[in-house]
There are 2 protein chains.
Amino acid sequence: MAISAQSAKAFEDHNHQRCCGEVLEQAHKLATSGGLRLTPVRRRTLEILLEEHRAMGAYEVLERLAKDGFGKQPPVAYRALEFLVENGLAHRIRRLNAFAACMTPGQPHAPAFFICELCNCVAEVQDVSVRQAVEAAAAGIGFGVSRANVEVVGTCPACHKGRDQ
Amino acid sequence: MAISAQSAKAFEDHNHQRCCGEVLEQAHKLATSGGLRLTPVRRRTLEILLEEHRAMGAYEVLERLAKDGFGKQPPVAYRALEFLVENGLAHRIRRLNAFAACMTPGQPHAPAFFICELCNCVAEVQDVSVRQAVEAAAAGIGFGVSRANVEVVGTCPACHKGRDQ
DNA sequence: GCAAGAAATGTAATGTTATTACATTACCTG
DNA sequence: CAGGTAATGTAATAACATTACATTTCTTGC
């Protein structure tokens, strides 16, 4: 089941070719400097997420990987995706049971995902204040934060507009 | 698979018997005043979540419902749970593929869930500032928020303590 | 270089979560 | 009490995810 072909970098237009290249390059740098092994499957998985530029289900990614000559079984996709998520190169969007490439890899980030309930497109937004609010709330109950996942459901600008018409 | 038997109302001690009764009573009021139909399955589902006072998987809830004489098929649980979530009487914790009764039904709320990665217990915290930060970020990209889901993973006070020892 | 251990991959099987479809029953409402 | 709507029961299946284990590739110390 395809989720959406819509832009995921906020909801702005952008030079997609360029954005893919940039992120991939950043990923490479991180891999070599950080001792990560960006193996062929992993690299290809990241490329697929970047090319599609949207949230993709694991099985959808798997199909693509299989076509490219990699294994056909679920663990192939799940392992590669897990690696990317663990190393900050991708995110898991739980509401959609899907994964999306991180648009700002490397830098310490506090992502929030805005998911359109009409077209299922996803925007990744870096927002420090959300993270700060979460940290403050955590401190209030003595909770030690390791990861925060913020997923907001609503309507993206395009769909919001269409609704009023 | 049971998720946790740990308290979910922040991480404080509380009079459980009393808290269940209160929330159920509130749910009833909402149902009658709001025109909701809190049917036997739905009511029982809410009771189960309240009794256990933790995040429960749909199949786990289903087992209990079946024992109580309701249907044995997944839609029985999913429909009841969906109803409760739609009407603010329960929440879905996506990271755990689970559901938990809302501890503050009726009042307009902005819940954030704190999930302990060691014991899997869940705390529901009402925090306006998180919601405000989300709203602000949404406004920045022209996104219309309908629901925000904040799930924070880390260590609860009890487990955090244990770790240091 | 090469042996030993660690990490990654391939694959089969299975487990878990969730939905679709449709028949039936209960409940409003005129 | 007839007709429509909402809720329920049930079967089947879809979608998502993990376990287990064999095999290969990479790394590292000698």
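Every chain is numbered from 1 and lettered A, B, ... according to where its sequence line falls, protein lines coming before strand lines. Computed from a prediction, not measured in an experiment: that's the story for all the values here.
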Find the distance [X]:[atom1] to [N]:[atom2] and express it as a whole number of Å.
X	N	atom1	atom2	result
Tyr78(B)	dC16(D)	OH	P	13 Å
Lys72(A)	dA12(C)	NZ	P	10 Å
Leu62(B)	dT8(D)	CG	P	14 Å
Leu96(A)	dA15(D)	CG	C1'	14 Å
Arg44(A)	dT9(C)	CZ	P	15 Å
Asp68(B)	dG9(D)	CG	C1'	16 Å
Leu81(B)	dA7(D)	CG	C1'	15 Å
Glu82(B)	dA7(D)	CD	C1'	13 Å

For [N], take OP1 and OP2 only and decide whether either is under 4.0 Å from a side-chain N or O of [X].
X	N	result
Arg95(A)	dC16(D)	no
Tyr59(B)	dT17(C)	no
Thr39(B)	dT8(D)	yes

For [range], which residue pairs pass the salt bridge (Lys or Arg N to Asp or Glu O under 4.0 Å) check, not counting sequence neighbours?
range	result
residues 98-110 of chain A	none
residues 76-101 of chain B	none
residues 147-160 of chain B	Glu117(A)-Arg147(B)
residues 101-113 of chain A	none

How would you list, by chain and number, every residue that makes a side-chain hydrogen bond (donor to acceptor under 3.5 Å, both in side chains) with [X], sequence neighbours excluded?
X	value
Asn87(A)	none
Glu47(B)	Arg43(B), Arg44(B)
Gln126(B)	Thr104(B), Glu124(B)

Exercise for review: Using the closest heavy atom to pick a nucleotide of DNA chain C for each, name whichever of Arg42(A) or Pro74(A) lands nearer the 5' end.
Suggested key: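 Going by which nucleotide is closer to the 5' end, it is Arg42(A).
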Check your understanding: Mapping Pro40(B) and Arg94(A) to their closest nucleotides on DNA chain D, which lands nearer the 5' end?
Key ->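 Its nucleotide being nearer the 5' end, the pick is Pro40(B).
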Exercise for review: Looking only at non-hydrogen atoms, find the nearest pair between Ala31(A) and Leu38(A) and report the distance.
Suggested key: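 Result for this residue pair: CB-CB, 3.9 Å.
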Practice item. Indicate the atoms forming the closest heavy-atom contact of Ala100(A) with Leu49(A), along with that distance. Key: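 Scanning both residues completely, I find the closest heavy atoms to be C-CD1, 4.0 Å.
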Which nucleotide in [options] has an atom nearest any side-chain atom of [X]:
X	options	value
Asn97(A)	dG9(D), dT9(C), dA17(D)	dA17(D)
Phe99(B)	dG9(D), dA18(C), dG10(C)	dA18(C)
Gln73(B)	dT8(D), dT10(D), dT9(C)	dT10(D)

Review point. Which residues within residues 83-91 of chain A lie with some heavy atom under 4.0 Å of an atom in DNA chain D?
Key: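 Result for residues 83-91 of chain A: none.
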Distances under 3.5 Å between nitrogen or oxygen atoms of protein and nucleotides 20-28 of chain C:
none

Check your understanding: Reckon Val76(A) touches a base, only the sugar-phosphate, or nothing at all at heavy-atom distances under 4.0 Å?
Key ->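 Val76(A): base contact, heavy atoms under 4.0 Å.
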Exercise for review: Please collect all ring-ring contact (aromatic ring centres under 6.0 Å, His included) contacts where either partner lies in residues 63-102 of chain B, sequence neighbours excluded, each pair once.
Suggested key: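 Every ring-ring contact (aromatic ring centres under 6.0 Å, His included) pair that includes a residue of residues 63-102 of chain B, provided the two are not neighbours, is His91(B)-His109(B), His91(B)-Phe113(B).
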Check your understanding: Can you list the steps and then say if Asn149(B) with Val153(A) is a side chain to side chain contact (heavy atoms under 4.5 Å, CB included)?
Key -> CA-CA 8 Å; Asn149(B) 191 282; Val153(A) 178; over 6 Å; no
N/O donor to acceptor pairs below 3.5 angstrom from side-chain atoms of residues 130-141 of chain B, sequence neighbours left out:
from	atom 1	to	atom 2	distance (Å)
Arg131(B)	NE	Glu135(B)	OE2	3.1
Arg131(B)	NH2	Glu135(B)	OE2	3.2

Exercise for review: Five pairs at each end of the helix from dG1(C)-dC30(D) to dG30(C)-dC1(D): take the axis at both ends and give me the angle between them to 10°.
Suggested key: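 It comes to 40° between the two terminal axes.
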